Amino acid sequence: MYLFVVEFPTPSVPLRGPCLPQQKRLQKELMSLLKEPPAGVTVDVDTAHTKLTEWVVHMEGAAGTLYEGEKFQLQFKFSPKYPFDSPEVIFVGDNIPVHPHIYSNGHICLSILTEDWSPALSVQAICLSIISMLSSCKEKKRPPDNSYYVKTCSANPKKTKWWYHDDTV
Amino acid sequence: MIVLKRSWRKYSIDNLEQVMKVKIKSWTGVATWRWVANDDSCGICRMPFDGCCSDCRLPGDDCPLVWGQCSHCFHIHCIMKWLQSQQLHQQCPMCRQEWKFKE
């Protein structure tokens, strides 16, 4: 006589694993950015692995644009509220792109980084926006209020009350 | 063809008791389910709709999906968190239309 007893094993460790909810999404984003990065974009895996909430992304100026051949670094910082709260994104390193919406301290005037943020956006979407912002630039120059802003702003660009007035560049 | 048919019949349920000399005393039916959504995963937490949001542990009725009038769909916990974090406008994360629950 045979008796078939099928029992689903009860896991002794919680199904959630070691991650906080926010980290699951960051892990997924990191994996997809490593697998299929947009052209000219590379994530610094070591920094992201050391601290999942702080990434460095290398970006190359697109061919045929004013930034062709230039290399930039973006720093992403994710708060515990990500993706409900936008990441803090600034240019770092010794080459800050000269652009009418990028301040010499690396702060970027881009509405999806503050009031137009949506949790449906991603690191990849931000990178694409920044690449497109650089690529459509016609003249390399700093924002008109650069020196005043750089002297008076907070270190965190999310604390700036940005006034988005120009959609052309 | 005949051989195949024979070997198939050997293992068919009708003949199981006869061939294997077993008596099935009880059995439990198992079913599968899935949400019928227009996407595979939630645009907010990026977890599959057939799983649960990243705060829950078990998929199903405790972590349901909701639809907006714009037809976009999210885990209820995810969209509620997003709407609660918005002070001025309650917008769909996907299309930025004003978020209204589909009745």
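Residue numbers begin at 1 in each chain, while the letters A, B, ... track the order of the sequences. These numbers were taken from a predicted model, which means no experiment stands behind them.
- We find the CZ-SG distance between A/Phe84 and B/Cys45 to be 8.0 Å, quoted to the nearest 0.5 Å.
- Side-chain contact between B/Ser85 and A/Lys81: absent, with no pair of heavy atoms (C-beta onward) separated by less than 4.5 Å.
- Nearest heavy-atom pair across B/Pro93 and A/Ala120 is O-CB, 3.4 Å.
- B/Phe49 and B/Ile76 fall into different hydrophobic clusters, where Ile, Leu, Val, Met, Phe, Trp and Tyr residues are linked whenever their side-chain heavy atoms come under 4.5 Å apart, directly or through other members.
- Once rounded to the nearest 0.5 Å, the distance linking CD of A/Glu115 with CD of B/Gln86 reads 11.0 Å.
- Annotation: the span from A/Asp116 atom CG to B/Gln91 atom CD amounts to 8.0 Å, rounded to 0.5 Å.
- Minimum heavy-atom separation, B/Trp82 to A/Trp117: CH2-O, 3.4 Å.
- Grouping the Ile, Leu, Val, Met, Phe, Trp and Tyr side chains by contacts below 4.5 angstrom, directly or via other members, places A/Ile90 apart from A/Tyr149.
- For A/Arg25 (side chain) and B/Ser54 (main-chain N/O), no donor-acceptor pair under 3.5 Å exists by modelled atom type.
- If you chain together hydrophobic residues whose side chains sit under 4.5 Å apart, A/Tyr67 and A/Leu128 never meet in one group.
- The neighbour count for B/Trp33 CH2, taken as heavy atoms of other residues, nucleotides or ligands under 6.0 Å away, is above 12.
- More than 12 heavy atoms of other residues, nucleotides or ligands sit less than 6.0 Å from atom NZ of A/Lys140.
- Applying the 6.0 Å contact sphere to CG of A/Asp94 captures no more than 12 heavy atoms from other residues, nucleotides or ligands.
- The two residues B/Ile44 and A/Pro83 have their closest heavy-atom pair at O-CG, 3.6 Å.
- Transitive grouping of hydrophobic side chains (ILVMFWY, heavy atoms separated by less than 4.5 Å) keeps B/Met47 and B/Met94 in distinct clusters.
- B/Arg46 CZ to A/Lys24 NZ: the interatomic distance, rounded to the nearest 0.5 Å, is 15.0 Å.
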